[in-house]
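Here the structure comes first, spelled out in structure tokens, and everything after it is commentary.
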Amino acid sequence: ANSTDWYFAIGKPKYEERVQLKSKLDMVVCSAEAEFTFYMQTGNAFAYQMPPLSNELKKFFGLEDDDKKMDTDDEGVKNARKLKSTDWLAIDKGGGFCMGSTFHAKLSLDFFLYVHVTADLGFDVALLDVSGTGCPGHSQIGKNNFYALGRVYAALQGDVGLKINLGFWKGEFSLFSAGIGALLQGGGQEGGFRSGTEG
């Protein structure tokens with residue numbers, strides 16, 4: 001019946017509530033690990049907010065200071081941040097559909113040289129019933145009470161250096177490090193598409 005609240009989920013957006021598959025390999029000079037997460041949820045009543053990026057990805061994309069910016073009392077800074085991203089949108093009890101997945105892999109080779117490589121891929125998409133929800137400058141968002149959100153990202157990072165052991169001091173000395181990545185996120189609203197990119 002329409003008066004019944006329901007949802008169906010295979011995992012949920014919060015990291016600790018997702019379906020997770022992990023594997024790890026440890027050898028003498030080589031170690032590797034991989035992690036895959038997934039969630040999918042639909043129904044007419046569930047809470048949703050786009051999951052935050054990991055701290056490592058926030059740092060890589062230059063977003064590590066965003067949480068500090070949101071803590072400020074300066075209303076102009078708050079509104080500027082809200083308009084730049086879709087992180088502000090949180091639905092406490094709405095309907096619709098959401099799905100997301102992440103893949104993280106890390107490879108390390110350690111002998112007199114070391115090689116560290118990490119790779120990340122992920123996406124989040126949602127189509128949400130946002131009846132009565134507004135945002136800065138708009139009393140109502142969405143088209144026919146629905147709002148679409150999406151994010152996709154990829155990052156590859158590597159570091160090569162020397163392992164140093166002088167007896168009284170041990171450490172790593174980086175010779176070369178590089179990274180490449182892209183982040184695209186946005187939300188569809190009545191009259192157009194609003195997005196933010198980092199890369």
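Since this is a predicted model, take the numbers as computed values, not measurements.
- A salt bridge (charged side-chain N to carboxylate O under 4.0 Å, His left out) with Glu35 is found for exactly one of Lys24, Lys22, Arg18, namely Lys22.
- When side chains are defined from C-beta on, Phe38 does not count as touching Thr102, because their heavy atoms never get closer than 4.5 Å.
- Using a distance-only test at 3.5 Å, with no hydrogens or angles considered, a donor-acceptor pair links the side chain of Thr42 to the main chain of Gly96.
- Between Thr118 atom OG1 and Gln157 atom CD the span is 4.0 Å, to the nearest 0.5 Å.
- Here the side chains of Tyr39 and Ser101 are not in contact, with every heavy-atom distance at 4.5 Å or above.
- Atom CG of Leu162 has more than 12 heavy atoms from other residues, nucleotides or ligands within 6.0 Å.
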Would Val152 and Val125 count as a side chain to side chain contact (heavy atoms under 4.5 Å, CB included) if you check the C-alpha gap in whole Å, the side-chain angles of each, and the deciding distance to 0.1 Å? CA-CA 9 Å; Val152 62; Val125 294; over 6 Å; no
Going through the checks in order, is the side chain to side chain contact (heavy atoms under 4.5 Å, CB included) test met by Phe8 and Met40? CA-CA 8 Å; Phe8 170 78; Met40 188 278 290; 3.7 Å; yes
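- Within the 4.5 Å cutoff, no side-chain heavy atoms of Asp124 are placed close to those of Met99.
- Contact check for Lys163 versus Leu113: no side-chain heavy atoms found under the 4.5 Å cut-off.
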Please report the C-alpha distance between Val160 and Tyr114 in whole Å, then the side-chain angles of each, then the deciding distance to 0.1 Å, and finally whether the side chain to side chain contact (heavy atoms under 4.5 Å, CB included) criterion is met. CA-CA 6 Å; Val160 178; Tyr114 71 83; 5.9 Å; no
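- Between His116 and Asp159, the side chains place no donor N or O within less than 3.5 Å of an acceptor N or O (distance only, hydrogens not considered).
- Under the 4.5 Å side-chain criterion, counting only non-hydrogen atoms from C-beta, Leu149 is not in contact with Leu127.
- When hydrophobic clusters are built by joining Ile, Leu, Val, Met, Phe, Trp and Tyr residues whose side-chain heavy atoms come closer than 4.5 Å, directly or via intermediates, Phe176 is not grouped with Ile164.
- Taken from CZ in Phe97 to CZ in Phe146, the straight-line distance is 13.0 Å, to the nearest 0.5 Å.
- Residues Asp129 and Ile91 come closest through the heavy atom pair O-CG2, 4.2 Å.
- Remark: Phe173 CZ is loosely packed, at most 12 non-hydrogen atoms of other residues, nucleotides or ligands lying under 6.0 Å away.
- By the 4.5 Å heavy-atom criterion applied to side chains, Lys93 and Asp5 are counted as neighbours.
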Criterion side chain to side chain contact (heavy atoms under 4.5 Å, CB included) on His104 and Phe36, from CA distance to verdict: CA-CA 7 Å; His104 172 78; Phe36 172 80; over 6 Å; no
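- The nearest pair of heavy atoms linking Ala155 to Leu57 is CB-CD2, 4.0 Å.
- Separating the CG atom in Asn55 from the CG atom in Leu63 is a distance of 11.5 Å, to the nearest 0.5 Å.
- Without hydrogens or angle criteria, Asn44 side chain to Trp6 main chain gives a donor-acceptor distance under 3.5 Å.
- A salt bridge is absent between Glu33 and Lys106; no separation between the charged side-chain nitrogens and carboxylate oxygens falls under 4.0 Å.
- Residues Lys12 and Tyr7 bring a donor and an acceptor atom of their side chains to less than 3.5 Å of each other.
- For Cys98 against Phe46, the heavy-atom pair with the smallest separation is SG-CE1, 4.0 Å.
- Here the CG atom belonging to Leu183 is positioned 12.0 Å from the NZ atom belonging to Lys58, to the nearest 0.5 angstrom.
- Side-chain contact between Leu107 and Ser31 is absent, with no heavy-atom pair separated by less than 4.5 Å.
- Counting heavy atoms from C-beta on, the side chains of Thr37 and Tyr15 come closer than 4.5 Å.
- Val117 and Phe112 fall within a single hydrophobic cluster, where Ile, Leu, Val, Met, Phe, Trp and Tyr side chains are chained together by heavy-atom contacts under 4.5 Å.
- Atom CZ of Phe111 and atom SG of Cys30 lie 9.5 Å apart (nearest 0.5 Å).
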